[in-house]
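Below is one structure; the comments refer to it alone.
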Protein chains: 2
Amino acid sequence: MSAAESRPVSIFDVAKLAGVSHQTVSRVINDSPQVADATRARVNAAIAELGYRPNRSARTLAGGAVRSVTVLTTDTSLYGTAETLRGIEDAARANGFTVLISVLDPAETYDEDEILARIPHDGAPAIVIAHDDTTVRAMRVLQKSQTHTTVATGGEHLGIELDGADWLVSLDDRTVAARATKYLLDMGHRNVHYLAIPSKASRQAGWTAALEEAGIEPSPVVHSGWTVGSAYEAALELVADPDVTAILCGNDDLAFGVLYAAHKTGRDVPGDLSVIGFDDSPLAAYHVPPLTTVDLDFRGVGRGAFELLRQKLESGGQPRPTWRSPELIVRETTGPADRRSAPKGKP
Amino acid sequence: MSAAESRPVSIFDVAKLAGVSHQTVSRVINDSPQVADATRARVNAAIAELGYRPNRSARTLAGGAVRSVTVLTTDTSLYGTAETLRGIEDAARANGFTVLISVLDPAETYDEDEILARIPHDGAPAIVIAHDDTTVRAMRVLQKSQTHTTVATGGEHLGIELDGADWLVSLDDRTVAARATKYLLDMGHRNVHYLAIPSKASRQAGWTAALEEAGIEPSPVVHSGWTVGSAYEAALELVADPDVTAILCGNDDLAFGVLYAAHKTGRDVPGDLSVIGFDDSPLAAYHVPPLTTVDLDFRGVGRGAFELLRQKLESGGQPRPTWRSPELIVRETTGPADRRSAPKGKP
DNA sequence: CTGATGATCGTGAGCGCTAACATATGCTTC
DNA sequence: GAAGCATATGTTAGCGCTCACGATCATCAG
């Protein structure tokens, strides 16, 4: 049937068995139309009989069509990253691509060489899931090389130079952030505070814009790490302040940290305090209370990033960037202001 | 400095510039001791000047030492999987290996060919993160081929044949499951129920064993999917039963679902109901109330799986499987029984 | 019936690298 | 100072595949 021999079967073994040249076998496995049906059938039979399977390295080396993408990212356990990855994988698989993943350490600083060493060879296509300094830097390095690169990002703008770049797939989370902020304002909150994730924030920009439009001076942003724990620590002070009645969080994990802090300090959600997250992670709907959050289509971002790359690879053209519009999902961590606590002064 | 030319620089370009043969360059980039220091320096200078970077495909094809592992898994967004992956990556990077990830769809049934097509070529080393039917099947397929395979698993035994296999890295979650069950029993609970994840369960075995040791007839296992939502659905009935005072859950996500169900049905945790999870996921400590769970060293499992593979690759020997001992972390979802609700009959 | 045309297939070269062997050198050793 | 041996480098072949071409054959217009 297959395997078990010493040396793996090659295209030549198949060719011999099928009574054709190795090139014809190559044509068959590459779906070339230039092969007679009868021949194709014979070759396929030989392939099946020998259990032949093309060697990917050889194909790459021989310079055929590109069939793999390298994904550069940092933390694969972040919800956004994981989902984006999943989207890339789905799309890649559907197109017969192999996905190679290389994980960078957010705490480390890499020089150019170290970044470039992550891709299989110079010029190999890559996708960067960018959401922190390390990945943004990686992206810049790849951009300078002759590599075809696409960037998938959860929506953070990551700095001016990337805005409008033609290889960017992103989420318009700036607009939703503004919408979410306005939503809170419309419910009577005098102010909305922002607990930020470590990356440059378009979410923060949306929040600022919405406040300014309402004539409210944005209060200083509170910074948190990526973990629930860090959000908890960062939010303790904020939550303890009775003047704070609404907090917009950089993502769901941070929101969970805030919720825990609220619980610890005895503030009722949503009675005393409204909280909004970002991501709509699987737990959001089942938290106690269920979290009001923003549904970010990370998988769509991943798929889009791959599509963009594929188009660049095929047509060499300049596909335009895609922007996806997320949606606010109202659940039970948000409510009208002034339901119980006084907006000013501690009574 | 580098890049920007038409054809990427090869080993020959470096050789010419350094005034040596290509083989000497090869020796340098492979850290062969057989090169004079002066020559090595000259070659390294040429490498730096040209921005040379070895082509991975060519190296693989030429049959040098193996430098990449393919990881087969299903859901990368599951906490256990993601962490295991992370462990593999850490270890792989430290050893100069490239990690190739191929994600299988748990809902799909793959035939042998489709599985084998996931690895770069016949015989390429692979690690399977096994925790469901699809990955277990993948593992069997790889095992039959001449591929070097290691299996990393969160501890589910996955069927008799795998017990004691010499290529398995696992967690002794059977023992902790028993310990956790006993812990609940010792607190006065008359019974402990089990909400199961979809895979074959050593955790379940531990639970059964502990109950039987205590002379208690295990009640029927309640089955859940992997998502919080499915756990919630599955647990509703269980939670509504006042006789049920303690539930051991297949993982943290399920526990969160149970907790939500308890909240919905008005049962107090830990007053009326004790809940234990598995994983110690990042949220566990910050849930309201904080979740009693088991710290499973998934990263360690991942690292171990890679180490095992490396040993097999190098020595060809038969390294023994590693079993890691997880720990019960008591937080606030567990408490003594009978604190409030009557053990039998609805009053 | 001749040449042109298109479909089908084969041949040779080479992708960038490493293994295996061959070939210099220098340095011992008796 | 010839034989022996280690050290340092070069040469050749080939991994498995695809590309660019060339060859073959049937078909068909003129």
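What you are looking at is a predicted structure, and each value in this text was computed from that prediction instead of being measured. Every chain is numbered from 1, with letters handed out A, B, ... down the list of sequences.
- Here D:dT7 presents its P atom at 14 Å from CZ of B:Arg40, a figure rounded to the nearest Å.
- Using a 4.0 Å cut-off between a side-chain N of Lys or Arg and a carboxylate O of Asp or Glu, B:Arg310 and B:Glu307 qualify as a salt bridge.
- Taking 4.0 angstrom as the limit, A:Ser21 places none of its side-chain polar atoms (N or O) nearer than this to OP1 or OP2 of C:dC9.
- Which of D:dC17, D:dA8, C:dC17 sits closest to the side chain of B:Ala36 comes down to D:dA8.
- Summary of the strand contacts: B:Pro33 and B:Leu61 both lie near DNA chain D, and taking for each the nucleotide with the nearest heavy atom, the more 5' one is attributed to B:Pro33.
- Taking atom CZ on A:Phe12 and atom P on C:dT11, their separation rounds to 10 Å, with Å as the unit.
- Under the side chain to side chain donor-acceptor pair (under 3.5 Å) test applied with B:Thr98, the options B:Arg67, B:Arg56, B:Glu89 reduce to a single match, B:Arg56.
- One N or O donor and one acceptor, one from the side chain of B:Arg27 and one from the base of D:dG10, sit under 3.5 Å apart.
- Counting heavy-atom neighbours within 6.0 Å of A:Asp111 CG, excluding the residue itself, gives a total above 12.
- Counting atom types as modelled, A:Gln23 pairs a side-chain N or O with a base atom of D:dC19 as donor and acceptor under 3.5 Å.
- One can place CD1 of B:Ile47 at 16 Å from P of C:dG16, the figure rounded to the nearest angstrom.
- When distances are taken from the side chain of A:Thr39 to each of C:dG16, C:dT18, C:dC9, the shortest belongs to C:dC9.
- A close approach under 4.0 Å does not occur between any side-chain nitrogen or oxygen of A:Asn55 and OP1 or OP2 of D:dC15.
- Residue A:His22 places a side-chain atom within donor-acceptor reach of the base of D:dT18, judged by atom type and a 3.5 Å distance cut-off alone.
- Atom NE2 in A:His121 sits about 11 Å away from atom P in C:dC17, given to the nearest Å.
- Remark: C1' of C:dG6 and CD of A:Gln34 are 9 Å apart, rounded to the nearest angstrom.
- Regarding A:Ile29, its CD1 atom lies at a distance of 6 Å from the P atom of D:dC17, rounded to whole Å.
- In this structure, a donor-acceptor pair under 3.5 Å is absent between the side chains of B:Asp75 and B:Thr81.
- Note on B:Thr24: a side-chain N or O is less than 4.0 Å away from OP1 or OP2 of D:dG10.
- When the side-chain nitrogen and oxygen atoms of A:Ser57 are compared with OP1 and OP2 of D:dG16, none of them lie within a distance under 4.0 Å.
- In this structure the side chain of A:Leu104 never reaches within 4.5 angstrom of the side chain of A:Thr73, judged on heavy atoms.
- When each of A:Ser10 and B:Val35 is assigned the nucleotide of DNA chain D bearing its nearest heavy atom, the one mapping closer to the 5' terminus is B:Val35.
- Atom CZ of B:Arg59 is separated from atom C1' of D:dG14 by 18 Å (rounded to the nearest Å).
- Between the NZ atom of A:Lys16 and the C1' atom of D:dC17 there is a distance of 18 Å, given to the nearest Å.
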